[in-house]
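The first residue in the sequence is number 1, and the count goes up from there. Remember, predicted model here, so these are calculated numbers, not experimental data.
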Amino acid sequence: MASINPPHRPLHDDNRETELLQYVFNLPNLDDLRGQPDKILDAIDTYSQTHKHLMNIGPKKGQLISDLISERKPSTVVELGGYVGYSAIKFGDAVRRAGGKRYLSLEINPVFAAVANMLIDLAGLRDVVRVLVAPSHVSLAWLVRENVLDHVELLFLDHWKDRYLPDLWLVEQLGLLKPGVSVLAADNVLQPGAPEYLDWVRASPAEKREKLKQKATTDLGGIDLAKAIKEKGEKDLGVDLENVPGNPNLVYETEIHIFETRDGNKDGVEITKVVGEEKN
């Protein structure tokens with residue numbers, strides 16, 4: 001199992017996430033925040049701007065995805081990387097407003113998940129948002145095995161950038177992406193950047209087949225991964241779910257939306273639609 005804080009992925013380690021809880025729950029107008037997602041997001045933004053910076057998507061980039069949810073009206077949204085629950089509150093509220101049912105937030109860090117759950121509860125969104133605590137590949141396999149998820153309408157990627165592509169490949173192999181239905185939204189693709197992910201979603205099926213030849217991934221031996229997980233469970237498969245090859249046959253249409261960061265640099269959110277699937 002992946003560690004919570006691998007050495008090449010440093011965190012601030014100064015308790016700013018739990019200090020956020022102290023800040024929010026000590027606000028003199030706390031009662032006015034209860035059941036008000038927008039007011040809670042404003043409070044989180046204020047803390048991030050005036051106390052310690054938090055790695056949330058923020059209001060500008062967040063609005064892009066809220067608008068996407070409003071337009072496409074997904075029943076279920078899955079996010080990889082929940083952090084303190086900012087995106088789960090913003091997008092979970094958007095899902096509910098659009099008539100959707102579920103927002104599944106996958107977070108590896110139990111402390112972050114606990115903070116998120118308290119803020120989600122304060123926002124009055126516990127009927128929509130569910131936080132799962134485990135590495136994303138473990139949670140994805142569990143959701144498939146337990147028949148909680150058979151497809152993804154909107155997948156939001158905002159966890160470790162070097163996991164964007166491997167976790168997308170797992171989602172592809174689990175058959176969770178459906179042409180004409182599924183959309184991917186990936187944050188921070190320019191800063192700190194996710195170049196391998198961008199190369200994949202922007203490549204043609206033929207180019208992706210060539211890319212897979214150059215990657216050392218787990219040989220699936222032609223098995224239907226989702227079916228095998230349901231029959232045997234992910235632990236008895238003998239398959240490294242962190243390292244499965246992708247499905248090169250999926251056809252994507254993708255575009256980047258550029259935003260200026262707080263330090264004056266540029267970052268982007270890549271919106272990718274699944275538009276088809278080539279047959280071998």
Side-chain angles (χ1 to χ4, degrees), residues 1-2 72 74-82 100-108 130-186 194 196-197 200-201 203 205 208-209 211-212 215-254 270-280:
M1 180 179 293
R72 300 188 69 89
S75 175
T76 299
V77 175
V78 178
E79 75 170 357
L80 308 184
K101 297 179 180 179
R102 298 181 300 181
Y103 190 94
L104 302 173
S105 177
L106 280 50
E107 171 56 50
I108 191 174
R130 180 178 181 182
V131 180
L132 287 79
V133 187
S136 50
H137 67 280
V138 173
S139 289
L140 287 166
W142 182 86
L143 288 167
V144 169
R145 175 167 56 85
E146 297 299 316
N147 294 310
V148 176
L149 200 63
D150 62 5
H151 72 284
V152 174
E153 292 158 281
L154 176 58
L155 179 69
F156 175 50
L157 298 94
D158 197 20
H159 57 332
W160 301 119
K161 311 315 162 194
D162 61 348
R163 291 300 309 167
Y164 277 23
L165 184 58
D167 285 335
L168 172 59
W169 282 357
L170 176 60
V171 170
E172 290 177 343
Q173 282 293 350
L174 289 172
L176 296 176
L177 299 183
K178 307 299 183 184
V181 175
S182 301
V183 179
L184 316 171
E196 289 190 332
Y197 174 87
W200 181 262
V201 297
K208 288 188 285 187
R209 292 185 194 103
K211 290 178 185 294
L212 285 178
K215 291 287 185 181
T217 54
T218 301
D219 184 5
L220 294 179
I223 68 169
D224 181 324
L225 191 58
K227 182 178 179 182
I229 286 173
K230 291 177 182 180
E231 291 177 350
K232 299 181 180 179
E234 61 273 18
K235 294 181 180 180
D236 297 326
L237 285 178
V239 172
D240 179 7
L241 295 179
E242 291 186 88
N243 195 39
V244 300
N247 175 4
N249 298 321
L250 289 171
V251 180
Y252 295 131
E253 285 183 359
T254 191
E270 187 88 355
I271 304 296
T272 304
K273 297 177 182 178
V274 186
V275 297
E277 185 169 8
E278 286 192 357
K279 301 300 182 182
N280 287 330

Do you know which two heavy atoms are closest between Asn247 and Lys208, and how far apart they sit? O-NZ, 4.4 Å

Using a 4.5 Å cut-off on heavy atoms from C-beta on, say whether the side chain of Pro179 contacts that of Val274.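 Val274 vs Pro179: side chains touch.
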
Distance-minimising heavy-atom pair for Leu168 and Tyr197: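 What the structure gives for the nearest pair is CD2-CE1, 3.6 Å.
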
Checking Val171 against Val78 for the side-chain contact (heavy atoms from CB on, under 4.5 Å) test, could you report, in this order, the C-alpha distance in whole Å, the side-chain angles of both residues, the deciding distance, and whether it holds? CA-CA 11 Å; Val171 170; Val78 178; over 6 Å; no

Output every pair passing side-chain hydrogen bond (donor to acceptor under 3.5 Å, both in side chains) with a member in residues 165-181, not counting sequence neighbours, ordered by first then second residue.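 Only Ser136-Asp167, His159-Asp167, Arg163-Asp167, Glu172-Trp200, Glu172-Tyr252 qualify under side-chain hydrogen bond (donor to acceptor under 3.5 Å, both in side chains).
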
So, using salt bridge (charged side-chain N to carboxylate O under 4.0 Å, His left out) as the criterion, who are the partners of Lys161 when residues are at least two apart? Asp158

Using a 3.5 Å distance criterion without hydrogens, assess whether the side chain of Glu277 forms a donor-acceptor pair with backbone atoms of Asn249. no

Could you list the donor-acceptor pairs under 3.5 angstrom formed by side chains in residues 226-234, with sequence neighbours left out?
from: Lys230; atom 1: NZ; to: Asn147; atom 2: OD1; distance (Å): 3.4
from: Glu234; atom 1: OE1; to: Arg145; atom 2: NE; distance (Å): 2.9

Side chain to side chain donor-acceptor pair (under 3.5 Å) partners of Thr254, counting only residues at least two apart: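 Checked Thr254 against side chain to side chain donor-acceptor pair (under 3.5 Å); matches are Glu270, Thr272.
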
Are side-chain heavy atoms of Arg72 and Leu154 found at a separation under 4.5 Å?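 When only atoms from C-beta onward are counted, Leu154 and Arg72 do not touch, as no gap falls below 4.5 Å.
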
Point-to-point distance, once rounded to the nearest 0.5 Å, from NZ of Lys273 to CG of Leu184: 12.0 Å

Under 3.5 Å, side-chain donor or acceptor atoms of residues 215-222 against the rest of the protein: list the pairs with distances, not counting sequence neighbours.
from: Lys215; atom 1: NZ; to: Glu196; atom 2: OE2; distance (Å): 2.9
from: Thr218; atom 1: OG1; to: Asn243; atom 2: O; distance (Å): 3.4
from: Asp219; atom 1: OD1; to: Gly221; atom 2: N; distance (Å): 2.9

Which atoms form the tightest heavy-atom contact between Leu212 and Gly246, and what is the distance? CD1-O, 3.6 Å

Write down the atom of Arg102, the atom of Val148, and the distance for their closest heavy-atom approach.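 Where Arg102 meets Val148 most closely, the heavy atoms are NH1-O, 2.9 Å.
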
Could you list the residues that satisfy side chain to side chain donor-acceptor pair (under 3.5 Å) with Glu79, not counting sequence neighbours? Ser87, Tyr103, Ser105

Out of curiosity, Leu176 CG to Leu155 CG, how far, rounded to the nearest 0.5 Å? 9.0 Å

Which residues satisfy the salt bridge (charged side-chain N to carboxylate O under 4.0 Å, His left out) test with Glu107, sequence neighbours excluded?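 With neighbours one apart ignored, the set is empty.
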
Give, for atom CG of Leu149 and atom CG of Leu174, the distance between the pair rounded to the nearest 0.5 Å.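 Here the interatomic distance stands at 9.0 Å.
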
